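This is a predicted model, so every value here is computed, not measured. Residue numbers run from 1 in the order of the sequence given.
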Amino acid sequence: QVQLVESGGGLVQAGGSLRLSCAASGRTFSSYAMGWFRQAPGKEREFVATVSWSGGSTNYADSVKGRFTISRDNVKNTVYLQMNSLKPEDTAVYYCAASFFGYTDSRPERFSSWGQGTLVTVSS
């Protein structure tokens with residue numbers, strides 16, 4: 001398995017930006033597609049974005065497309081989520097996860113390793 005640790009969450013005003021990081025260890029990081037998910041209070045965990053093992057392909061939820069950017073650095077064993085134009089509805093605990101099933105499969109059950117999450121709070 002791969003161990004994942006998220007960081008970079010915090011409090012930000014609506015319209016602001018935040019950059020999340022996820023550091024990986026324990027396995028060959030570049031062998032995994034990586035994803036970001038989030039869970040808001042009282043809501044189900046939802047897909048945010050995925051990136052292929054090479055970093056060459058990405059997929060985004062419609063709710064964040066054009067505002068969020070997922071990327072990875074396989075030398076640093078780190079995946080990032082750049083969040084711009086943040087909205088109050090983006091408030092959630094954000095989780096990174098690793099999958100052997102490729103970036104096109106965004107189902108949470110396809111991701112075998114998960115981080116502990118980092119809280120993002122967007123104020124109006």
Below 3.5 Å, can you tabulate the donor-acceptor pairs from side chains in residues 115-124 to any protein atom, sequence neighbours excluded?
{"from": "Thr118", "atom 1": "OG1", "to": "Gly9", "atom 2": "N", "distance (Å)": "3.1"}
{"from": "Ser123", "atom 1": "OG", "to": "Gln13", "atom 2": "OE1", "distance (Å)": "3.1"}

Exercise for the section: State plainly whether one hydrophobic cluster holds both Val5 and Tyr94, where clusters connect Ile, Leu, Val, Met, Phe, Trp and Tyr through side-chain heavy atoms under 4.5 angstrom apart. Expected result: no
Practice task
Report whether Phe101 and Phe111 are members of the same hydrophobic cluster (ILVMFWY, side-chain heavy atoms less than 4.5 Å apart, transitive linking).
Solution key: no
Handout entry: Side-chain (Thr50) to main-chain (Met34) donor-acceptor, under 3.5 angstrom
Key = no
Handout entry: Expected output: side-chain Ser113 to main-chain Ala97 donor-acceptor under 3.5 Å
Key = no
Exercise for the section: Evaluate the side-chain proximity of Leu81 to Val79: yes if any heavy-atom separation is below 4.5 Å, no if none is. Expected result: no
Closest contact, heavy atoms only, [X] versus [Y]:
X	Y	value
Trp36	Glu6	CZ3-CG, 3.9 Å
Ser21	Thr78	CB-CG2, 4.3 Å
Phe100	Ser31	CD2-O, 3.9 Å
Ser57	Tyr103	CB-CZ, 3.3 Å
Val2	Ala24	CG2-CB, 3.8 Å

Handout entry: Set of residues satisfying side-chain hydrogen bond (donor to acceptor under 3.5 Å, both in side chains) with respect to Ser17, sequence neighbours excluded
Key = Asn84
Practice task
Give me the other members of the hydrophobic cluster that Leu11 sits in, counting Ile, Leu, Val, Met, Phe, Trp and Tyr linked by side-chain heavy atoms under 4.5 Å, directly or via other members.
Solution key: none
Fill in the blank from the handout: Hits for ring-ring contact (aromatic ring centres under 6.0 Å, His included) against Trp114, two or more places apart or cross-chain, chain-then-number order -> Phe37
Side-chain donor/acceptor pairs under 3.5 Å, residues 40-49, sequence neighbours excluded:
{"from": "Glu46", "atom 1": "OE2", "to": "Arg38", "atom 2": "NE", "distance (Å)": "2.7"}
{"from": "Glu46", "atom 1": "OE2", "to": "Arg38", "atom 2": "NH2", "distance (Å)": "3.3"}

Problem - Nearest-0.5 Å distance that lies between atom CG in Leu4 and atom OG in Ser25 - result: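 If we round to the nearest 0.5 Å, Leu4:CG and Ser25:OG are 8.0 Å apart.
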Problem - From CG (Asp105) to CZ (Arg110), nearest 0.5 Å - result: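 Answer for the CG-CZ pair, Asp105 versus Arg110, is 5.5 Å.
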Could you list the donor-acceptor pairs under 3.5 angstrom formed by side chains in residues 63-75, with sequence neighbours left out?
{"from": "Arg67", "atom 1": "NH1", "to": "Ser85", "atom 2": "O", "distance (Å)": "3.0"}
{"from": "Arg67", "atom 1": "NH1", "to": "Asp90", "atom 2": "OD2", "distance (Å)": "2.7"}
{"from": "Arg67", "atom 1": "NH2", "to": "Ser63", "atom 2": "O", "distance (Å)": "2.9"}
{"from": "Arg67", "atom 1": "NH2", "to": "Asp90", "atom 2": "OD1", "distance (Å)": "3.0"}
{"from": "Arg67", "atom 1": "NH2", "to": "Asp90", "atom 2": "OD2", "distance (Å)": "3.4"}
{"from": "Arg72", "atom 1": "NE", "to": "Asn74", "atom 2": "OD1", "distance (Å)": "2.9"}
{"from": "Arg72", "atom 1": "NH1", "to": "Tyr32", "atom 2": "O", "distance (Å)": "2.7"}
{"from": "Arg72", "atom 1": "NH1", "to": "Ser52", "atom 2": "O", "distance (Å)": "2.9"}
{"from": "Arg72", "atom 1": "NH2", "to": "Phe29", "atom 2": "O", "distance (Å)": "2.9"}
{"from": "Arg72", "atom 1": "NH2", "to": "Tyr32", "atom 2": "O", "distance (Å)": "3.0"}
{"from": "Asp73", "atom 1": "OD1", "to": "Val75", "atom 2": "N", "distance (Å)": "3.0"}
{"from": "Asp73", "atom 1": "OD1", "to": "Lys76", "atom 2": "N", "distance (Å)": "3.2"}
{"from": "Asn74", "atom 1": "ND2", "to": "Trp53", "atom 2": "O", "distance (Å)": "3.1"}

